[in-house]
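Note sheet for the following structure.
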There are 4 protein chains.
Amino acid sequence: MATEKLDTATRREQIAEAALALISEKGMQGLAIASLARRVGLVNSALYRHFNGKDEVLDAMLDLIGDRLMANVKAVRRESARPLDQLRQLLMRHIRLIRENQALPRIVFSEEIYSGKPERRTKLFNIISRYLTNVSDIFSEGQKNGTIRSDTDPLVLAVMFLGLIQPAAILWHLSNNKFDVTKHAEKAWGIFADGLSR
Amino acid sequence: MATEKLDTATRREQIAEAALALISEKGMQGLAIASLARRVGLVNSALYRHFNGKDEVLDAMLDLIGDRLMANVKAVRRESARPLDQLRQLLMRHIRLIRENQALPRIVFSEEIYSGKPERRTKLFNIISRYLTNVSDIFSEGQKNGTIRSDTDPLVLAVMFLGLIQPAAILWHLSNNKFDVTKHAEKAWGIFADGLSR
Amino acid sequence: MATEKLDTATRREQIAEAALALISEKGMQGLAIASLARRVGLVNSALYRHFNGKDEVLDAMLDLIGDRLMANVKAVRRESARPLDQLRQLLMRHIRLIRENQALPRIVFSEEIYSGKPERRTKLFNIISRYLTNVSDIFSEGQKNGTIRSDTDPLVLAVMFLGLIQPAAILWHLSNNKFDVTKHAEKAWGIFADGLSR
Amino acid sequence: MATEKLDTATRREQIAEAALALISEKGMQGLAIASLARRVGLVNSALYRHFNGKDEVLDAMLDLIGDRLMANVKAVRRESARPLDQLRQLLMRHIRLIRENQALPRIVFSEEIYSGKPERRTKLFNIISRYLTNVSDIFSEGQKNGTIRSDTDPLVLAVMFLGLIQPAAILWHLSNNKFDVTKHAEKAWGIFADGLSR
DNA sequence: TATGAATGAGAATTCATTCAT
DNA sequence: TATGAATGAATTCTCATTCAT
C-alpha cells in the first residue's frame, strides 16, 4: 500500500539480509517467501520482481555470508601484524559472527541449501574453501616467520581452526545459549596453540 | 499389498532406522511420513499404528543416534586399555559413523527437529552431553595416568575432540565426498595429541 | 487380551448402548468405530464380527431409541387413566430421556444419519411417526372423553407436543445446561393445555 | 483456470453462503474445505486467502444466519402493526427460511460446530438468544395492548413460538419434504393463539 | 514496481474397513 | 470370538509460484 518503490539492486540486498535475519530467528523453516517479503515490507508476489525464485534468494544469501567471512579476514589482517594474533582475533570475530547470526551454521547444514540444486552445494563449498584458503595463508605466514611449526599442511590447520568453534557453537545452540562459546574458544585456542608451536 | 505383517516393536526399529537413512540421503526435507512409510514397505497411514505421529518418530530416531554414539564409546573402551589409543579409535569410529550416516550433522542443526517441541532440543543436548561426558572420562583417565596434560578441563578437551571431525565432515559433505575426512582426522589428531602432552 | 468372549447378541446390545452413550458425551463426531470398540472392551476390528459396518451400528442405535420412546408411552399409559395427565407425564419423561441422553436430538439432526443411506432417514421417520401416532392416540382419547377440544387433528397436537420440548432442549444444550428445560416445559404445558380445552 | 478474480469481501460472502447451501444439501459432513472452494469456483488452497481456516468460515456462516433471522424480525415489524399479525408472519418467514435453508437446524445440533471451540457454542447461543429476545418483544407489546394474555413470561412464549415450527421442520426433512410444514404451522398457530388470548 | 487473487503440489493426520492369525 | 497390522480415501492446511491489473 504505502510501500515505497525501490530499485531492484536495493531490494535484492534488503531481501538477502532479511533472509539471513529470518533464518537466525526462526530457522530454515521460517524462511518462507511470504515472511521474507513481509519483512521487507513487500507482498508475496512482489518479491518475484527482484528474484526469480527462492533459489535465487538463497544464492544471494550465500554470497552475503561469503562477504562477511572475508570481511573478517581482512579486518584481522589489518589490525595486527603477527599471524598468531591474527588467528586469535579471527577466532573471536568468527564467534561473534555466529552469535549474531545463527543462520550461518544452520545454513551450512540445511539441506534446503542442497536439495534440487547441486550447484548450490558447490557454491557453498567454494565460499568455505575461499575462507579456508585465507585462513591457511595466515598459518603459512606463521610458518615462514617461525612462529608456527612447519611440518604440517596449513590447510589442515585451517580446518582445525574451524573445529575450535564449531562444536562449541552447536552446544551453545542446543543449550539455549547457556554454553559459553567464548570461554571454550579461549581455552581451546590455548591448547591448539601449544600444539602449533611444537 | 503383499506387505508382510510385522509387530510394532520391529516396525518401530525399522522406521527409526529408515528415518535416519532417509535424512542421510535427502535431508530433513526428505523425511516425510509418506516416504518413510514407503521405505519400510508400508503405506502412509500404516505408520500411525506404530508411532503416534512424526514427533514420536523423531524422538525414536534421536534415541537411535544416542545408542550408536554410546556403542562406539563402549567398543573402544573394550578394545584398548590406553586412553590415547581409545580416543584415536573413537575418532575413527565417529568418522565412520558420520560417513555412513550423514543424518547426524544434519539433524543437529536442523531446527525442524525442535520447532514446536523445545523438549526435543533438550533431548538432543542431553544425548550429546552424555557422549561428551564419556569422552571426557577417557581424557580424565589419561590425565590420571600421566599421558595427558593435567592443566586442562577434560570437558574442554572432549569438545575439541568433536572439533577434530566436524568441520572436516562438512567439507566432505559439501565436496561431494571428495574431501578425505580420514586423512584430515589423522593429521589433526597428531597435532592435537602434541598439544595434549604439553 | 483379557477380553471376555461374548456372543453376538450380547455384543450388539452393548455396542448400541455404547454408541448412544458415546454420542451423548462427545457428539456424533465422537462416534468413531475405534472409540466405540474400546468402550465395550474390544478392539477396532473385533466390532466387525458383530456388525457389518458403522451403518449397521447406527441402525441398531436407532432401534434402541425407538424402544425407549415407546417404553415411555407405555409407562404413562399404565400410570394414569386421564389423557391430560398421561400427556403431562410423558412430557416430563421425554425431558428426562433427553437430559440423560443428549444423543437423541443430536442424532435426529445429524446428517451422519442420512448421508449415504436414504433408508435410514426413512427408518428414523418411522420411529418418530410411531411415537407421534401413539401420542396422538392419547389426544384422541381426550377428545372422545371431552377433555380436549375436538376440532383439531390429534396428529397436529402430537407434533405440537414435541414442540413444547424441542427448542427448550436446544437452549439447554447451547447454554451449557443452564437453561431450565423442566421449568419451561411446565409453563409451556400450561399455556398449551389452555389452548387444548378451547 | 478461467476463474474470475474477486475481492476478499465478495469471496467471504460467497463462501459463507456456499457453506450454508452445502450444509443444507449434504449436511455438516459435506462441508469440506475442498467442496466449499469448488462450489464458489475456487481451488482448495485459494480459500485460505479469504479465511484463515475452517473455523473462520463457520463463524462467518453463523453470522450470516444471525443476520437472516434478524432481517426477518425487522421485516415483519415493518409490514404489520399488530403483534399477533407480526408473529404469524414471522412464523411463515421462519418456515420459508428453514425450507430454503435446511442448514439451520443441522447446524444448531451439530457439535462439529463446537468441537474444539467452545466459544462458538456461546456465539450460536447468543444469536438465538437475540432472536428470542426480539420475538419476546413482540409478545410483550401484545400483552401491553391487551391482545395477548399478560400472565405469562413473554420469553416462554417466544421459545414456544419456535416450538411451533421445529418438530415440523424435522418431519418435513425426514419425510423427504412430504410433510407439509406450512399447513401444520397454520393449524398449530391457531391452537397456540387460542392459548394466548386466555 | 507492487498488489491481490488464484493455483497446484504436497504435507500430516484420521478413520472405516479388510485380512491373516 | 478377538487381535494386530495394513489399507485407502478423505481432510485440513502450507507454500512457492503465476498472472492480471
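Note on naming: letters A, B, ... go to the chains in the order of the sequence lines (proteins, then strands), and numbering restarts at 1 for each one.
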request  = Identify which nucleotide among E:dT1, F:dG8, E:dA6 has an atom closest to any side-chain atom of D:Thr3, counting heavy atoms from C-beta outward.
outcome  = E:dA6
inquiry  = Partner lookup for E:dT17, please. Criteria are Watson-Crick or G-U wobble with both distances under 3.5 angstrom; report none if nothing qualifies.
reply    = F:dA6
task = Quick one: look up who F:dC13 pairs with, Watson-Crick or G-U, both distances under 3.5 Å, and put none if it's unpaired.
result = E:dG10
ask   = Do the side-chain N or O atoms of B:Arg49 get closer than 4.0 angstrom to the phosphate oxygens (OP1, OP2) of F:dA5?
value = yes
C:Lys26 NZ: over 12 foreign heavy atoms closer than 6.0 Å = no
query = If you take all heavy atoms of C:Leu20 and C:Ala103, which pair is closest and at what distance?
reply = O-CB, 3.4 Å
request  = Whole angstrom is fine here: how far is it from CG in B:Asp7 over to P in E:dA20?
outcome  = 19 Å
Partner of B:His50 by side chain to side chain donor-acceptor pair (under 3.5 Å), out of B:Thr8, B:Thr10, B:Asp7 = B:Thr8
query = Nearest-Å distance, CG (A:Leu42) to P (E:dG4)?
reply = 11 Å
Polar side-chain atom of D:Arg38 near backbone of D:Val43 as donor-acceptor pair, under 3.5 Å = no
key: Position toward the 5' end of DNA chain F (nearest nucleotide), D:Ser35 or B:Arg11   = B:Arg11
message = In whole Å, I'd like the distance from the CZ atom of B:Arg12 to the P atom of F:dG4.
response = 16 Å
ask   = Quick one: B:Leu36 CG to E:dA11 C1', roughly how many Å, whole number?
value = 13 Å
query = What is the distance from CG of D:Leu47 to P of E:dG4, rounded to the nearest Å?
reply = 18 Å
query = Salt bridge between A:Glu25 and A:Arg39, side-chain N to carboxylate O under 4.0 Å?
reply = yes
Point-to-point distance, once rounded to the nearest 0.5 Å, from CD of C:Glu17 to CZ of C:Arg12 = 13.5 Å
query = Between D:Leu6 and B:Lys5, which has a closest nucleotide on DNA chain E that is more 5'?
reply = D:Leu6
ask   = Atom CD of D:Glu4 to atom C1' of E:dA5: distance rounded to whole Å?
value = 11 Å
Length of the line joining D:Arg38:CZ and E:dA6:P, which is rounded to integer Å = 16 Å
query = Quick one: D:Phe51 CZ to F:dC13 P, roughly how many Å, whole number?
reply = 13 Å
message = Any non-hydrogen side-chain atom of C:Leu104 less than 4.5 Å from a side-chain atom of C:Arg68?
response = no
query = Are OP1 or OP2 of E:dA6 and a side-chain N or O of D:His50 less than 4.0 angstrom apart?
reply = yes
For nucleotides 14-17 of chain F, list the nitrogen or oxygen atoms of the protein found under 3.5 Å from its nitrogen or oxygen atoms, one pair per line.
residue	atom	partner	partner atom	Å
F:dA16	OP1	A:Lys54	NZ	2.9
F:dA16	OP2	A:Ile33	N	2.9
F:dT17	OP2	A:Tyr48	OH	2.9
F:dT17	OP2	A:Lys54	N	2.9
F:dT17	O5'	A:Tyr48	OH	3.4

